[in-house]
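Reviewing the structure listed below.
The basis for the numbers below is simple: all heavy atoms, side chains too, and nothing from hydrogens, waters or symmetry mates. Predicted model, so just to flag it, every value in this text is computed and none were measured.
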Amino acid sequence: MGVSIKSVRKTLKKSNIRDELIEILKKIPLESWQLIVKKEPEWQHLEPLRNKFPHGSFSVFMLAIGLNAYQLKGRAEITYWPQLYEVMKNYDSEPFVKALYEHLVEFYKTERLNAAKIKRLSRFLSSSLAEKLWNKFPQEISSMTDNIWRSLGNVMKQDLHKKTICFAMKCLGISLMMANEYDFDFHGIPIPVDLRITKFTNRLGIDIGEKTLPIQNFWNSILSSLRPTYSQINMIHLDSIIWQIAHHDIEELISYFNDLGIIDVGKRLSHLLQENNSA
């Protein structure tokens with residue numbers, strides 16, 4: 001059987017959108033990419049806690065709360081990250097993982113799906129992975145991110161592409177960036193696909209549906225094309241920008257990039273979105 005004309009047109013459209021999107025994202029300077037990550041609610045609300053912990057235990061904390069950042073009581077930037085800050089701001093760091101569990105478990109008792117989340121918290125914090133990371137320095141952790149990702153999947157008994165596994169790794173990466181450690185390998189770790197990532201992908205008009213793997217494959221291909229320009233760009237940067245702009249209308253989108261000092265990026269991205277939503 002031959003390939004249909006309709007199928008060929010879809011392939012060409014997807015390729016054209018992808019190529020244009022890559023060219024737009026290449027116009028974002030590295031310093032703007034780093035600023036975008038710092039605008040994330042995880043960074044905004046939890047960075048003040050960083051000096052309360054030795055780095056290894058802070059990385060364990062970030063992984064633990066990333067694993068449970070699902071089915072929240074409301075928007076994460078309102079009901080999750082700031083509440084975690086309030087819970088942890090008076091925490092006295094202790095040399096045992098168990099102390100962190102006992103502190104966090106009180107928070108998760110009041111969360112949605114609390115039994116499941118407490119079980120996940122216990123599974124991770126009682127693991128050899130948590131123990132191994134507890135006393136590590138940033139440079140040590142940055143050299144083992146791929147192994148951490150694979151070990152995390154094994155500990156949690158989840159596929160490596162699952163949203164909570166990928167998102168927990170994003171939280172780990174942010175903890176490294178907070179320590180000014182950027183030399184870590186996230187090349188194999190895909191973007192955590194949630195409603196915002198799905199919505200924005202669909203807004204582009206590339207017609208790949210709502211399943212996780214095709215969406216992750218699309219954004220992985222975008223990252224692969226961006227890395228020759230900026231080798232430090234990884235899924236954390238991409239997830240951050242998409243998450244922040246996914247719900248923006250055209251005016252808000254242009255304002256967002258204007259605030260970053262790259263208004264041309266906002267205009268070109270707005271045009272791409274308008275063009276593909278009117279087709």
Could you check if a side-chain atom of [X] sits within less than 4.5 angstrom of a side-chain atom of [Y], using non-hydrogen atoms only?
X	Y	result
F53	M88	yes
L204	F218	yes
K170	S240	yes
L269	I254	no
P190	W149	yes

[atom1] ([X]) with more than 12 external heavy atoms under 6.0 Å:
X	atom1	answer
E31	CD	yes
D92	CG	no
N114	CG	yes
H187	NE2	yes
Y182	OH	yes
K27	NZ	no
K267	NZ	no
K162	NZ	no

Could you measure the distance from the [atom1] atom of [X] to the [atom2] atom of [Y]? Nearest 0.5 Å is fine.
X	Y	atom1	atom2	result
L121	Y101	CG	OH	6.0 Å
I165	L63	CD1	CG	9.5 Å
S143	D185	OG	CG	10.5 Å
I222	L238	CD1	CG	7.5 Å

Backbone N/O of [Y] and side chain of [X]: donor-acceptor pair under 3.5 Å:
X	Y	answer
S59	G56	yes
S231	R227	no
H55	Q139	no
K199	H247	no
S255	E252	no
E131	S126	no
E42	I174	no
Y80	I65	yes
S151	I148	no
S270	G266	yes

**OP:** Decide yes or no on salt bridge (charged side-chain N to carboxylate O under 4.0 Å, His left out) for R268 and E23, but give the supporting numbers first.
**Re:** CA-CA 10 Å; R268 289 183 63 180; E23 291 307 309; 5.7 Å; no
**OP:** Kindly indicate whether a cation-pi arrangement holds for K117 with Y70, taking the cut-offs as under 6.0 Å to the six-membered ring centre and within 45° of the axis.
**Re:** yes
Original post:
Can you hop from L67 to L113 via hydrophobic side chains spaced under 4.5 Å?
Top reply: no
Original post:
Would L172 end up clustered with W243 when hydrophobic side chains under 4.5 Å apart are linked, directly or stepwise?
Top reply: no
Original post:
Would Q244 and E40 count as having a side-chain donor-acceptor pair, cut-off 3.5 Å?
Top reply: yes
Original post:
Any salt bridge between E77 and R196, counting N to O under 4.0 Å?
Top reply: yes
